[in-house]
Amino acid sequence: MNSIVIETERLFLREWLKEDFHHFKPIATNPQVMKYIGTGEIWSDERIERFIDNNIDLYKKYGFCLWALIHKQTQNLIGFCGLSPLSQSEIEIGWWLTPEHWGNGLATEAALAVMLFGFERLNLPKIVSIAQPPNQRSIRVMEKLGMHFEKMSTDRRGIEVVYYAKDKLGIEPVV
Ligand SMILES: CC(C)(COP(=O)(O)OP(=O)(O)OC[C@H]1O[C@@H](n2cnc3c(N)ncnc32)[C@H](O)[C@@H]1OP(=O)(O)O)[C@@H](O)C(=O)NCCC(=O)NCCS
């Protein structure tokens, strides 16, 4: 398989391929997935292509991105998890999963491995995460990673978000 970057018990996190478009489209056009992403609109084909291209470039440039999430058992692309710049000085951890796989701990499993990668391999001092307040599943993942609530904030569109963070020191996953 193309460039696996991280492996966990049930998942591979790998670089994106342009062909992933066809497998990612059903996820990025699923209203359940998109409910708390930006304004909740599903993504156009052009937006999906841009997302994949951006992550291919991000990984080449910085050695991290929101990696494609591959379910080992089926080899299917089931979402993404990884790191992306939130601002010039902040790196955000993020995750989307196809709903048929929600509730099995997969986002937490992927995100724990991504956090370790960020702290140990990239030597990041801090990792942050944001979510719209009603997105309780995502906020629960942040809590299970041992992240702490820092403040209410707004995203780049001005939408209200909770802002969680974890420092490299004291990395103790709470699962
Ligand atoms: C957020 C998301 C990735 C979580 O994936 P997941 O694989 O279901 O996550 P996990 O199973 O690792 O953990 C989910 C936790 O939320 C809990 N949960 C589920 N529904 C919940 C609810 N309505 N309120 C509070 N917690 C809830 C689960 O019980 C679990 O916690 P637990 O292990 O303590 O029981 C998934 O819901 C998703 O892809 N959502 C759409 C995209 C998205 O919003 N991404 C985040 C943007 S900030």
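One-based numbering, in listed order, for ligands and for the atoms of each.
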Honestly curious: do Leu122 and Val128 fall in one hydrophobic cluster under the side-chain, below-4.5 Å linking rule?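 Different clusters: Leu122 never reaches Val128 through Ile, Leu, Val, Met, Phe, Trp or Tyr contacts under 4.5 Å.
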Under 3.5 Å, is there a donor-acceptor pair between the side chain of [X] and the main chain of [Y]?
{"X": "Ser153", "Y": "Tyr163", "result": "no"}
{"X": "Lys72", "Y": "Glu9", "result": "yes"}
{"X": "Asp167", "Y": "Lys126", "result": "no"}
{"X": "Glu7", "Y": "Phe12", "result": "no"}
{"X": "Trp67", "Y": "Ile4", "result": "no"}
{"X": "Glu49", "Y": "Ser44", "result": "no"}
{"X": "Asn30", "Y": "Gln32", "result": "yes"}

Out of Tyr164, Trp95, Phe80, Trp102, whose heavy atom is nearest to atom 37 (O) of ligand 1?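 When every heavy atom of Tyr164, Trp95, Phe80, Trp102 is considered, Trp102 comes closest to atom 37 (O) of ligand 1.
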The one among Ile37, Ile93, Ile130 that brings a heavy atom closest to atom 47 (C) of ligand 1: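 Answer by nearest heavy atom: Ile37.
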Taking atom 28 (C) of ligand 1 as the reference point, report whether a protein heavy atom occurs under 4.0 Å from it.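 No, no protein heavy atom sits under 4.0 Å from atom 28 (C) of ligand 1.
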Taking atom 23 (N) of ligand 1 as the reference point, report whether a protein heavy atom occurs under 4.0 Å from it.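 When distances to the protein are checked, atom 23 (N) of ligand 1 has no heavy atom within 4.0 Å.
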Distance from [atom] to nearest protein heavy atom, with residue and atom:
{"atom": "atom 9 (O) of ligand 1", "result": "Ala107 CB, 3.5 Å"}
{"atom": "atom 39 (O) of ligand 1", "result": "Leu97 N, 2.7 Å"}
{"atom": "atom 25 (C) of ligand 1", "result": "Gln136 CB, 3.5 Å"}
{"atom": "atom 44 (O) of ligand 1", "result": "Asn135 ND2, 2.8 Å"}
{"atom": "atom 12 (O) of ligand 1", "result": "Thr108 OG1, 2.5 Å"}
{"atom": "atom 41 (C) of ligand 1", "result": "Val33 O, 3.4 Å"}

Should we count CZ of Phe149 as having more than 12 external heavy atoms under 6.0 Å?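 Yes, CZ of Phe149 has more than 12 neighbouring heavy atoms, counting only those of other groups under 6.0 Å.
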Counting only heavy atoms not in Arg121, do more than 12 sit closer than 6.0 Å to its CZ atom?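 Atom CZ in Arg121 is not crowded, with 12 or fewer foreign heavy atoms closer than 6.0 Å.
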Nitrogen or oxygen of [X] less than 3.5 angstrom from that of ligand 1:
{"X": "Arg140", "answer": "yes"}
{"X": "Gly103", "answer": "yes"}
{"X": "Lys144", "answer": "yes"}
{"X": "Trp96", "answer": "no"}

For a side-chain contact (heavy atoms from CB on, under 4.5 Å) with Val114, tell me which candidate from Leu145, Ile127, Leu66, Leu83 qualifies.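 Single pass found, and it is Leu83.
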Measure up the Phe51 and Trp96 rings against each other and bin them: parallel (under 30°), tilted (30 to 60°), perpendicular (over 60°).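 The arrangement is parallel - the two ring planes meet at less than 30°.
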Could you establish whether Gln132 and ligand 1 come within less than 4.0 Å of each other, counting only heavy atoms on the residue side?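 Distance cut 4.0 Å: Gln132 fails for ligand 1.
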Which ligand 1 atoms are under 4.0 Å away from a heavy-atom of [X]?
{"X": "Gly105", "result": "10 (P), 11 (O), 12 (O)"}
{"X": "Ala131", "result": "48 (S)"}
{"X": "Leu106", "result": "7 (O), 12 (O)"}

Heavy-atom distances under 4.0 Å are what count here, so tell me which part of Arg137 touches ligand 1: side chain, backbone, both or neither.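 The answer is both.
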Determine whether the side chain, the backbone, both or neither of Val141 has a heavy atom under 4.0 Å from any heavy atom of ligand 1.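 It is the side chain that gets close, since no backbone atom is under 4.0 Å.
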